[in-house]
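Notes follow the structure.
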Amino acid sequence: MVEITTCLPANQPKHVSDKKKTTILRVSAYLFRYKGLFWLTIGLAASMAALEIAVPIAVQQIFDGLEKTNALDGLLWGVGLIALLYVGSEVFNGLRIRVNNTLEQRVLLEMRRDLHSKLLRLPVSFYDQRKSGEISSRVIEDVASVERALLDGTEQGTGAILRIVGITSVLFYLQPFLAWFVFLPVPILLVVGVLYSKRSRKIWKGVRESAGDLNSLLVEDIQGNRLIQTFGLQDRESGRFEHKAQDLREKTLKAMFRWSVYSPATSLVTKLGFLSIVGVGGYLVLQNTADFTMGKLIAFFLLANMLYQPISQLHGLNHLIAAGRASGERVFEILDAQIDVAEPLQPKPLPAGPIEVDFADVCFEYPGRPAVLDHFNLTLEANQVTAIVGHTGAGKSTVANLAMRTYDVTEGRVRLSGVNIRELSLNELHDKVGHVAQDPFLFEGTVRDNLLLAKADATEAEILHALEQACALDFAEALPDGLDTNIGEKGIRLSQGEKQRLTIARVLLKNPPFVILDEATASVDTITERKIQQALDRLVEARTVLVIAHRLSTVRRANKIVVMEAGRIIEAGSHEALLNAGGHYADLWQHQSDLIPEYS
């Protein structure tokens with residue numbers, strides 16, 4: 001009899017800061033992981049700006065000195081000085097580009113590393129609700145968009161601000177009255193810029209979401225290429241692609257249309273500043289006052305042009321930052337996603353020896369769906385084979401998922417050898433569990449590479465023994481390069497039965513004390529099933545085994561067979577006992593004709 005314990009809540013405490021940071025501030029934190037490179041970039045940009053601002057001042061000195069007796073010497077000296085200023089400015093620019101690119105790639109790597117690390121720790125429920133192509137779009141494209149806004153926005157924005165401050169100081173030094181006219185367009189530019197930024201962020205977020213949808217469709221079509229060709233779905237998929245591509249085109253054009261209005265409008269406003277210089281500055285020169293010369297007027301023109309250039313640059317960055325903020329929100333949506341299956345703060349060790357798994361008054365439901373398990377009680381005896389059978393949707397695979405802690409229970413407890421599964425280190429739990437799924441997954445690489453995932457330091461003898469035990473040695477050695485044959489993405493170059501036997505060999509090599517077989521023979525023919533069953537017979541020896549199956553022929557020799565319906569156990573016993581009882585299991589057995597003979 002299973003002891004019923006007090007139910008625990010499913011949700012663990014969130015270790016999330018109460019302080020809500022804006023997207024820009026959070027992204028900026030990545031920059032300050034490399035403070036030295038960041039400030040070096042800013043310093044080089046400032047040096048470059050200082051040399052550029054000195055050029056108009058040198059031009060003023062040249063033109064004001066043309067009426068002097070040694071004007072030619074002054075002209076030559078001035079031209080030489082300007083040349084040196086230009087050379088120095090470009091030297092600093094070249095160094096800035098190199099430092100900025102180094103910083104850029106490091107920040108990109110950090111952001112993608114953090115995203116990838118989070119994706120590896122997120123629960124299965126996260127992936128159940130999202131498309132794989134859309135997730136990959138965030139890791140590749142959105143991170144790149146954030147990086148462009150972050151680095152270009154910071155580096156170019158800081159350079160633009162430094163230029164504005166420096167040029168403003170010089171303008172007011174040369175002629176304060178005329179300087180005020182130069183700044184007449186600035187308030188208009190600021191107001192227009194703020195309005196554009198607020199309205200365009202939402203539009204650019206829509207663009208990024210549409211790009212993610214299109215990327216998801218492409219990934220799906222690549223992965224389902226065989227099905228598309230077999231069923232002649234090319235026209236259907238072309239239609240779906242056209243719809244999503246048109247949606248992306250329309251949203252992008254909408255965003256660019258706003259830019260097509262905003263950019264010329266701001267450019268026109270800045271040109272009004274030049275007009276004021278022509279009118280007011282020309283008037284001051286005509287007054288023939290000693291404090292405002294033709295040289296100063298020319299310097300004013302050059303400085304005003306240099307002033308409006310960084311202002312226009314800031315408005316151009318507005319466009320970039322709007323897209324970057326939209327992408328940043330999508331990136332941080334992943335980084336902020338809750339990890340429902342959390343690592344315990346003080347994990348308990350799993351007792352040595354065979355593992356007993358106990359489900360005590362367990363309730364479980366998927367988000368937005370009715371309860372799958374309702375006060376479920378079951379004990380998987382140590383070193384015994386327990387099989388669960390039942391119709392689709394009965395809750396069989398959910399039991400397996402809870403035993404691996406893919407999900408946490410809504411109520412009740414799952415215990416391994418008396419220890420609550422939530423109190424076990426995830427690494428230790430995963431080290432003790434082996435899983436053979438209905439749809440085996442193999443990584444792109446060789447047969448050997450995939451086997452070594454179970455035990456990185458396995459010897460050649462151990463690998464060959466595992467393959468032999470899994471009835472996989474003959475076909476593996478017959479491959480073109482034997483165990484070093486590349487089997488392609490997801491093992492595409494192997495048959496379903498061959499892939500399944502390799503996954504069994506991988507579990508045998510891992511040699512865990514608790515093994516879960518989830519519909520391990522459901523998608524193969526009866527001849528292949530015979531070979532897989534032979535491999536499974538070796539796998540279940542001296543282990544605690546949970547078998548999930550539709551085919552009753554694969555569970556007839558289990559120590560205990562449990563029949564489930566609607567999240568509850570309706571029958572339990574040995575194969576013979578259940579047949580003699582004449583209940584639900586006997587009816588299932590009666591209706592199944594694809595029986596595999598029992599092996600000696």
Side-chain angles (χ1 to χ4, degrees), residues 1-14 121-129 337-345 347-348 350 355-382 384 386-426 429-430 432-433 435 437 514 516-519 544-550 560-573 583-585:
M1 194 70 187
V2 177
E3 176 190 356
I4 298 178
T5 57
T6 305
C7 297
L8 295 177
N11 295 327
Q12 297 295 311
K14 296 181 187 178
R121 293 183 292 117
L122 283 171
V124 173
S125 57
F126 176 87
Y127 296 96
D128 289 344
Q129 301 168 25
Q338 180 183 352
I339 299 177
D340 297 324
V341 180
E343 187 77 39
L345 296 178
K348 292 183 179 180
L350 188 66
I355 292 178
E356 179 181 274
V357 184
D358 182 31
F359 294 83
D361 210 32
V362 167
C363 300
F364 179 78
E365 60 185 49
Y366 295 101
R369 292 170 56 186
V372 180
L373 297 180
D374 184 17
H375 298 283
F376 180 82
N377 293 277
L378 176 66
T379 298
L380 310 181
E381 302 289 347
Q384 298 286 305
T386 303
I388 301 180
V389 299
H391 295 297
T392 301
K396 306 183 300 298
S397 293
T398 298
V399 173
N401 285 327
L402 295 177
M404 295 184 290
R405 209 187 167 202
T406 303
Y407 299 93
D408 273 334
V409 298
T410 307
E411 295 180 1
R413 288 185 180 179
V414 178
R415 292 179 293 195
L416 271 67
S417 298
V419 181
N420 191 322
I421 197 170
R422 285 179 169 172
E423 297 176 336
L424 291 172
S425 162
L426 290 174
L429 173 64
H430 297 155
K432 301 295 184 183
V433 179
H435 181 227
F514 177 35
I516 297 172
L517 307 176
D518 192 353
E519 303 282 7
T544 303
V545 180
L546 172 62
V547 180
I548 308 297
H550 276 105
K560 179 168 66 175
I561 300 173
V562 174
V563 184
M564 288 187 65
E565 187 174 273
R568 290 179 175 271
I569 297 174
I570 58 173
E571 285 183 312
H584 190 78
Y585 180 84

Flag, side chain of Lys560 to backbone of Thr379, donor-acceptor distance under 3.5 Å: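 Pair found, side chain donor or acceptor close to backbone of Thr379.
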
side-chain contact (heavy atoms from CB on, under 4.5 Å) between His430 and Val433, worked out: CA-CA 5 Å; His430 297 155; Val433 179; over 6 Å; no

Can you tell if the side chain of [X] reaches within under 4.5 Å of the side chain of [Y], non-hydrogen atoms only?
X: His375; Y: Cys363; answer: yes
X: Ile388; Y: Leu546; answer: yes
X: Val399; Y: Met564; answer: yes

Contacts of type salt bridge (charged side-chain N to carboxylate O under 4.0 Å, His left out), residue Arg568, not counting sequence neighbours: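 So Arg568 forms a salt bridge (charged side-chain N to carboxylate O under 4.0 Å, His left out) with Asp374.
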
Mind checking what makes side chain to side chain donor-acceptor pair (under 3.5 Å) contact with [X], not counting sequence neighbours?
X: Gln384; value: Asn559
X: Thr398; value: Tyr366
X: Ser397; value: Asp518
X: Glu565; value: none

Set of residues satisfying ring-ring contact (aromatic ring centres under 6.0 Å, His included) with respect to His584, sequence neighbours excluded: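 Listed in chain order: His391.
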
Identified side-chain contact (heavy atoms from CB on, under 4.5 Å) partner of Leu380 from the options Val562, Ile355, Val357: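 For Leu380, the side-chain contact (heavy atoms from CB on, under 4.5 Å) test succeeds with only one of Val562, Ile355, Val357, which is Val357.
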
